[in-house]
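Within every chain, numbering begins at 1; the chains are lettered A, B, ... in the order of the sequence lines, protein sequences first and strands thereafter. Treat the numbers as computed from the prediction; the structure is a model and nothing was measured.
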Number of protein chains: 2
Amino acid sequence: MGEVLQPVEEAVSDTIASRVVAALREEIVTLKLKPGDAISESDIAARYGISRQPAREAFIRLAQQGLLLIRPKRATVVKKISADGVRQSRFIRESIEVEIVRRVAGAHLPETKEALKAIIADQEAASEIEDVHGFHELDELFHRTLARLAGVEYAWQLVDDHKIQLDRVRYLTLGVASQKRAITEHKAIVAAVAAGDAAGAEAAMRAHLARAEVLLGQTIAEHPDYFEAEEDEPAEGETV
Amino acid sequence: MGEVLQPVEEAVSDTIASRVVAALREEIVTLKLKPGDAISESDIAARYGISRQPAREAFIRLAQQGLLLIRPKRATVVKKISADGVRQSRFIRESIEVEIVRRVAGAHLPETKEALKAIIADQEAASEIEDVHGFHELDELFHRTLARLAGVEYAWQLVDDHKIQLDRVRYLTLGVASQKRAITEHKAIVAAVAAGDAAGAEAAMRAHLARAEVLLGQTIAEHPDYFEAEEDEPAEGETV
DNA sequence: TGCCTCCATCTTCCATACAAGATTGAAGGC
DNA sequence: GCCTTCAATCTTGTATGGAAGATGGAGGCA
């Protein structure tokens, strides 16, 4: 299972700080807190009716997850999205998921085909009734299931942690039409995997993930203020 | 450069907590703090002559890195090494590094060959004078340089963060003879990359990384107490 | 008008005190 | 002798007060 090795999100139990982490994380991904927004320990403490200490610890954890930027003695801001960072997150994801489908294709497990097809069927149903949130969750389940079949569920955990960078971009581009294309691509992946065609599965997965590239350019054009300046130097002399 | 997106190690500047993180991290990797050892905030605070607060924040960060396990209201212990976690860290590393050498082989950059050959030459020198630490650092530089040439240095950052799990294992098996083999394998990688042979580079990289597998089994046999019980269930009902 | 200086006010960082759950071992009853 | 119970003493979690640095605007000066 999720077992062992930094679950990154929650390495600790049910505490005030943990709840604040979850709440802020949600606000950041859904852009209720926008990239560049400044928040302070006192703000958050007052807002949740707690003391500054748990708020501070939440900041630390979110900073490690790359969502906040703590500028010592100055302020803490919601990190702007880095185009290069998004590209490299995608690189990481593609590297790992390609390796995953290869493994699954080579393993010839009996339950593979049925498990994946069931998820796709649910996705089609969710798409019918325009359940955006449900569709999103099923998409996640599809990829996590592949990881499980490959025996590397923790590796997916990692991809998932970094996917949050991609998720903020995706939240800006809620393409409803793209759901049908995603389903088609999922089917192609399953077909190749079930046939034991590793090369075909790899190609299908790469095609599936390639879409994000165009979305990124499009999003930068529409919301340039949410992204970091694309210079070579870190712009400000901040601690990174 | 290192730019953006959770540098995971240090998302914050020069502070007491940061220094404690670095110090403890070092002690954990070098096994001065052994897997299973219990430490407390008060211990560390007293040891470094600071208050509990910075020590506590250091714990939080190290827990997120998967090096500590915080058991609320009970104790904080150095996390035992998980054999499955090590395997999956290796999986992650192989996935990403294979993709990297493919890219570099396909890019045909002029400086590639010289840069890598220079590092290998330094490694041979370090091996001659039995500079173990220097050799280790050059090995790291070799792989990081490949990532830089591929334009995904941040992705290497990620591998590096997870490599710490492998490093604890490696610290237990300081094979001097294996240095020569590592150098030979590095040369094979460079040869394939410089020739633009993506498939050959991939194969060479996989062969290079495969060695860790045998080391793991060997190490578990020698130091079973440093590893987690290999059951299916998390053994204790702890928060993971 | 334009520039420099200083101070009120913000921020994060650290120290300290207290609260509450978990553990351990000893004392008491059987 | 063995089991149960409970209390002293660990642990981490939270609250609060103060310190040091950074910021920005007001006010003085050329």
Side-chain angles (χ1 to χ4, degrees), chain A residues 6-7 9-24 33 36-79 234-240, chain B residues 6-7 9-24 33 36-79 234-240:
Chain A
Q6 67 248 58
E9 317 210 6
E10 297 314 308
V12 89
S13 74
D14 181 46
T15 166
I16 293 183
S18 298
R19 284 196 291 275
V20 174
V21 166
L24 288 180
L33 279 175
D37 280 2
I39 58 182
S40 81
E41 297 173 358
S42 314
D43 280 350
I44 302 301
R47 175 130 62 99
Y48 288 92
I50 58 176
S51 90
R52 278 166 22 226
Q53 204 55 41
R56 169 176 175 74
E57 295 179 2
F59 281 18
I60 293 175
R61 284 156 69 177
L62 289 168
Q64 278 208 331
Q65 294 179 21
L67 295 178
L68 294 182
L69 177 64
I70 299 175
R71 302 192 298 175
K73 308 290 177 70
R74 256 166 292 178
T76 296
V77 300
V78 178
K79 209 160 185 176
E236 307 176 53
E238 306 302 345
T239 305
V240 180
Chain B
Q6 67 248 57
E9 317 211 5
E10 296 316 306
V12 90
S13 73
D14 181 45
T15 164
I16 293 184
S18 297
R19 285 196 289 276
V20 174
V21 166
L24 288 181
L33 280 175
D37 280 2
I39 57 180
S40 80
E41 298 172 357
S42 314
D43 280 350
I44 303 301
R47 174 130 64 100
Y48 288 91
I50 58 177
S51 94
R52 258 188 56 212
Q53 207 55 43
R56 172 176 173 76
E57 294 177 3
F59 280 19
I60 293 175
R61 285 156 69 177
L62 290 168
Q64 279 206 332
Q65 295 179 20
L67 294 178
L68 294 182
L69 177 63
I70 299 174
R71 302 192 298 175
K73 309 286 179 71
R74 255 166 292 178
T76 296
V77 300
V78 178
K79 210 160 185 176
E236 307 178 53
E238 306 302 346
T239 304
V240 180

Integer-rounded Å distance: [N] [atom2] and [X] [atom1]:
{"X": "B:Arg19", "N": "C:dC13", "atom1": "CZ", "atom2": "P", "answer": "13 Å"}
{"X": "A:Glu57", "N": "D:dG13", "atom1": "CD", "atom2": "C1'", "answer": "8 Å"}
{"X": "A:Arg52", "N": "D:dA19", "atom1": "CZ", "atom2": "P", "answer": "13 Å"}
{"X": "A:Ile16", "N": "C:dA20", "atom1": "CD1", "atom2": "P", "answer": "12 Å"}
{"X": "A:Arg56", "N": "D:dG17", "atom1": "CZ", "atom2": "C1'", "answer": "15 Å"}
{"X": "B:Ile50", "N": "C:dA15", "atom1": "CD1", "atom2": "P", "answer": "7 Å"}
{"X": "A:Lys73", "N": "D:dG18", "atom1": "NZ", "atom2": "P", "answer": "18 Å"}
{"X": "B:Gln53", "N": "D:dG17", "atom1": "CD", "atom2": "P", "answer": "15 Å"}

(request) Walk me through it: do A:Leu33 and A:Leu24 pass the test side-chain contact (heavy atoms from CB on, under 4.5 Å)? (result) CA-CA 8 Å; A:Leu33 279 175; A:Leu24 288 180; 4.0 Å; yes
(request) Report the residues that fulfil salt bridge (Lys or Arg N to Asp or Glu O under 4.0 Å) with B:Glu41, sequence neighbours left out, ordered by chain and then residue number. (result)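 If we apply the salt bridge (Lys or Arg N to Asp or Glu O under 4.0 Å) test to B:Glu41, skipping adjacent residues, the hits are B:Arg52, B:Arg56.
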[X] side chain near [Y] side chain, heavy-atom distance below 4.5 Å:
{"X": "A:Leu69", "Y": "A:Arg71", "answer": "yes"}
{"X": "B:Glu57", "Y": "A:Arg61", "answer": "no"}
{"X": "A:Val20", "Y": "A:Phe59", "answer": "no"}

With a cut-off of less than 4.0 Å, is there a side-chain N or O of [X] near OP1 or OP2 of [N]?
{"X": "A:Arg74", "N": "D:dT23", "value": "yes"}
{"X": "B:Arg71", "N": "D:dT12", "value": "no"}
{"X": "B:Thr76", "N": "D:dT12", "value": "yes"}

(message) Which residues in residues 38-49 of chain A have a heavy atom closer than 4.0 Å to any atom of DNA chain C?
(response) A:Ile39, A:Ser40, A:Glu41
(message) Here's a test for you: under side-chain contact (heavy atoms from CB on, under 4.5 Å), which of B:Ile39, B:Val78, B:Leu68 qualifies with B:Leu62?
(response) B:Leu68
(message) Using modelled atom types and a 3.5 Å cut-off, is there a donor and acceptor pairing between side-chain atoms of A:Ser40 and backbone atoms of A:Asp43?
(response) yes
(request) Counting heavy atoms from C-beta on, name the nucleotide in D:dT14, D:dT12, C:dC13 closest to the side chain of A:Pro72. (result)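 For the A:Pro72 side chain, the nearest candidate turns out to be C:dC13.
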